[in-house]
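This chain uses plain numbering: 1 for the first residue, then up along the sequence.
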Amino acid sequence: MQKLGDFKLPHFFNYPPYFTLQPVRETREKQIQLWKELILDYCRTQKIFIVRLEEEFPLFSNSVIERTLSHEAREAFLSALVAEGRAEWLDKGRRNCLILWHRIQEWADIIVNFVKDNGFEDSVMTVEEIRSGIESRGTELHGIDRTILMRALKLLEQKGKLAIFKGTSTDDEGVKFSV
């Protein structure tokens, strides 16, 4: 089985037709499903949050079989994730895609569990501490994309589980937990 770093690639990755959009609807649907799962799994294990259509992305080419996904195929696979609520286009030109390997509600649940597991129920933390502090090391929150984190925090704020305090800069925005 082929690997990409420490990531094990599925068998279809070495099958040349999967690097070309299939014309038959049923085959294309299966192809899109396989690619959606692959993109989500790869981004989750590698902690990748943004895929840029115009830049090299390791999954979009396979040098072993000398195949590269066309721009149309890349956009089709990412658009399928967007349609499922597992990604969002960050720009109107559809060049940058935010990958949601956890939905925002799932991220919010992860934050609540992190707070409870670490005894932070009535604590104050900065957004940066949640993303890159000692407490978050070894958790899924460590290195989380700021946009995703802020959306999850705002969802929790709407539910009354925390309050977000604006600082003088984005580095010192605070969060008061009340879960």
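To the nearest 0.5 Å, atom CG of residue L156 and atom CD1 of residue I104 are 10.5 Å apart. Put simply, CD1 on I144 and CG on L149 are 5.0 Å apart, with the number rounded to the nearest 0.5 Å. Separating the CG atom in L81 from the CG atom in L100 is a distance of 9.0 Å, to the nearest 0.5 Å. Atom CG of L21 is separated from atom CG of L69 by 8.0 Å, given to the nearest 0.5 angstrom. Atom CG in L40 sits 12.0 Å away from atom CD1 in I48 (nearest 0.5 Å). With values rounded to the nearest 0.5 angstrom, R67 atom CZ is found 11.5 Å from N14 atom CG.
At a threshold of 4.0 Å, the pair K166-E173 counts as salt-bridged, since one of the basic side-chain nitrogens sits closer than that to a carboxylate oxygen. One finds no salt bridge joining E140 and K47 here, because no Lys/Arg side-chain nitrogen approaches an Asp/Glu carboxylate oxygen to under 4.0 Å.
Contact annotation: the side chain of I50 never approaches that of I99 to less than 4.5 Å [non-hydrogen atoms, C-beta and beyond].
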Mind running side chain to side chain contact (heavy atoms under 4.5 Å, CB included) on L38 and L34 for me, showing each step along the way?
CA-CA 6 Å; L38 176 60; L34 288 170; over 6 Å; no

Step by step, work out the side chain to side chain contact (heavy atoms under 4.5 Å, CB included) result for S136 and I130.
CA-CA 6 Å; S136 71; I130 298 169; 5.6 Å; no

For a side chain to side chain contact (heavy atoms under 4.5 Å, CB included) check, start with the C-alpha distance between Q105 and L155, then their side-chain angles and the critical distance, and finish with the verdict.
CA-CA 8 Å; Q105 178 58 58; L155 179 63; 3.3 Å; yes

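A single hydrophobic cluster is not seen to contain both F177 and F165; linkage of ILVMFWY side chains at heavy-atom distances under 4.5 Å, directly or through other members, places them apart. Hydrophobic clustering (side-chain heavy atoms under 4.5 Å, transitive across Ile, Leu, Val, Met, Phe, Trp, Tyr) groups I32 together with F12.
Remark: the backbone N or O of N96 is paired with a side-chain donor or acceptor of D91 at under 3.5 angstrom. Looking only at distances, no side-chain donor or acceptor of S132 sits under 3.5 Å from a matching main-chain atom of E129. Within the 3.5 Å criterion, the main-chain N or O of Q22 finds a donor-acceptor partner in the side chain of R28. Checking side-chain atoms of R44 against main-chain N and O of W101 turns up no donor-acceptor pair under 3.5 Å. Distance alone, capped at 3.5 Å, places no donor-acceptor pair between the R95 side chain and the E54 backbone. With hydrogens and angles ignored, the 3.5 Å screen pairs no side-chain donor or acceptor of T126 with any backbone N or O of G174. Looking at E29, its side chain never comes within 3.5 Å of a backbone N or O of E26 through a donor-acceptor pair. Between the side chain of N62 and the backbone N or O of V64 there is at least one donor-acceptor pair closer than 3.5 Å. Between the side chain of E157 and the backbone N or O of V175 there is no donor-acceptor pair closer than 3.5 Å. Judged by distance alone, with hydrogens and angles left aside, the side-chain atoms of K176 form a donor-acceptor pair with the main-chain N or O of D122 at under 3.5 Å.
Annotation for L53 and R94: closest pair CD2-O, 3.2 Å, computed over non-hydrogen atoms. Across F13 and P58, no two heavy atoms sit closer than the pair CZ-O, 4.4 Å. Minimum interatomic distance between E135 and F120 (heavy atoms only, all atoms of both residues): CG-CZ, 3.4 Å.
In this structure, F49 and W107 have tilted ring planes: the angle between them lies in the 30° to 60° band.
With W35 as reference, F19 is the one residue of F19, F57, Y42, Y18 to meet the ring pair (Phe, Tyr, Trp, His ring centres under 6.0 Å) rule.
Checking K36 against Q33 by side-chain atom types alone, a donor-acceptor pair falls below 3.5 Å.
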